[in-house]
There are 2 protein chains.
Amino acid sequence: MNKEKNFQGYLHDKGLKSTRQRDDIASFFLQQDKHFTVEELYNEIKKSYPQIGYATVYRTLKLLMEAGLATECQFVDGLTRFEPVHEGEHHDHLVCLKCGKIIEFENDKIEQLQIEVARELDFELTNHKCVLYGYCNKCKE
Amino acid sequence: MNKEKNFQGYLHDKGLKSTRQRDDIASFFLQQDKHFTVEELYNEIKKSYPQIGYATVYRTLKLLMEAGLATECQFVDGLTRFEPVHEGEHHDHLVCLKCGKIIEFENDKIEQLQIEVARELDFELTNHKCVLYGYCNKCKE
DNA sequence: AGCGAATTTGATATTCATTATCAATACGAG
DNA sequence: CTCGTATTGATAATGAATATCAAATTCGCT
Ligand SMILES: [Mn+2]
Ligand SMILES: [Mn+2]
Ligand SMILES: [Zn+2]
Ligand SMILES: [Zn+2]
């Protein structure tokens, strides 16, 4: 698995150690395709590593973010969620205000226009978060 | 002041009472053009109403949101900020990751494309938040 | 103007997500 | 294998936001 290699590499480059806990968390998290709450992830990891600590999950997610392998999203319920970053991919989100469903989308025109907006305002763009709120097909009646 | 009238009207329509505290908070907040932390707003209001309570500021901001006269933004420092909604206006934000500067922008093309994205995904759009992160002209070297 | 039911206020307690602490443990370069 | 250092995990601390509740205020009504 390539992303795990990336994480190992990141740790090594920063002089950090590879540990059973970090490896377990990373290998599980990185092959998922979900938006995880820390608690959700903690509960999943506990299945394979029952003595895992809550703080370690927080710390490892922070490392995965620094390594560019995870992103953070804050939608509507006040909880912070994390999702794995899939190689060279970017997407934004639609969130249903009723059932909480999260839909992903990519739109190159919007991305391009954002770059232009930043340039016009003499702003060096590093990233962005675009979230559309509303009601999914099942929840709008 | 028209927006204060709107707020009075909202309170009345909902069977809520108009109070010295609500009026003071609304009249100050609504004529500003800033992104306020609850604490910032609390400190400002205290100048004209020293015995104001923290909880009342929270409660009144919630009412202003319900009345459609305030919006909430979460940028980078984890703090929730509130800004007054100016009549019929919408904008999104650029945020400098170094100095925290907040720049506003409007882009009709992006807005339009967002509507299309939602339609294609059979999603009933109610609102959105688009935040561009990077470095302002002073902070990029 | 004054009454009184119902709402609101403000001090403070509580909740809950996240971070800090620190002794015990694990890692890994040599 | 050894030893210095990083990491872990239990738990305390922090801090924003919400809940509580007695006292004060509002406002429709007489
Ligand atoms: Mn996603
Ligand atoms: Mn703004
Ligand atoms: Zn839905
Ligand atoms: Zn700046």
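When reading the values below, keep in mind they use all heavy atoms of this one structure, side chains included, and skip hydrogens, waters and symmetry mates. From a predicted model like this one, the values you see are computed outputs, not experimental measurements. Residue numbers start from 1 in every chain, and the chains themselves are labelled A, B, ... in the order their sequence lines are given, proteins ahead of strands.
Between A:Asp13 atom CG and C:dG28 atom P there is a gap of 14 Å when expressed in whole angstrom units. Rounded to an integer number of Å, the gap from B:Asp24 CG to C:dT8 P is 17 Å. A straight line from CG of B:Leu61 to P of C:dT8 spans 16 Å, rounded to a whole angstrom. Atom CD1 in B:Ile52 sits roughly 8 Å away from atom P in C:dT9 (whole-Å rounding). Following rounding to the nearest Å, A:Asp77 (CG) and C:dC16 (C1') show an atom-to-atom distance of 13 Å. One can place CD of A:Gln8 at 14 Å from C1' of C:dG28, the figure rounded to the nearest angstrom.
Using modelled atom types, one finds a donor on one side chain and an acceptor on the other under 3.5 Å when comparing A:His90 with A:Glu111. B:Asp92 and B:His128 form a side-chain donor-acceptor contact under 3.5 Å, judged by distance and modelled atom types alone.
Using a 4.0 Å heavy-atom cutoff across all strands shown, B:Tyr49 reaches sugar-phosphate atoms only and no base atom.
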Inset, instruction - Treat primed atoms plus P, OP1 and OP2 as sugar-phosphate and everything else as base, then score nucleotides 15-28 of chain D 5' to 3': B for base contact with protein heavy atoms under 4.0 Å, S for sugar-phosphate contact only, - for none. - result: -SBBBB-----BS-
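Under the 3.5 Å distance criterion, the side-chain polar atoms of A:Thr19 are matched with a main-chain donor or acceptor of A:Arg22.
A ring-centre distance under 6.0 Å is found for B:Tyr42 and B:Tyr54.
The list of ring pair (Phe, Tyr, Trp, His ring centres under 6.0 Å) pairs with a residue in residues 91-123 of chain B, not counting sequence neighbours, reads B:His35-B:His93, B:Phe75-B:His93, B:His91-B:His93.
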Inset, instruction - Could you walk me through whether A:Ser18 and A:Gln8 pass the side chain to side chain donor-acceptor pair (under 3.5 Å) test, one step at a time? - result: CA-CA 7 Å; A:Ser18 169; A:Gln8 306 289 337; 3.2 Å; yes
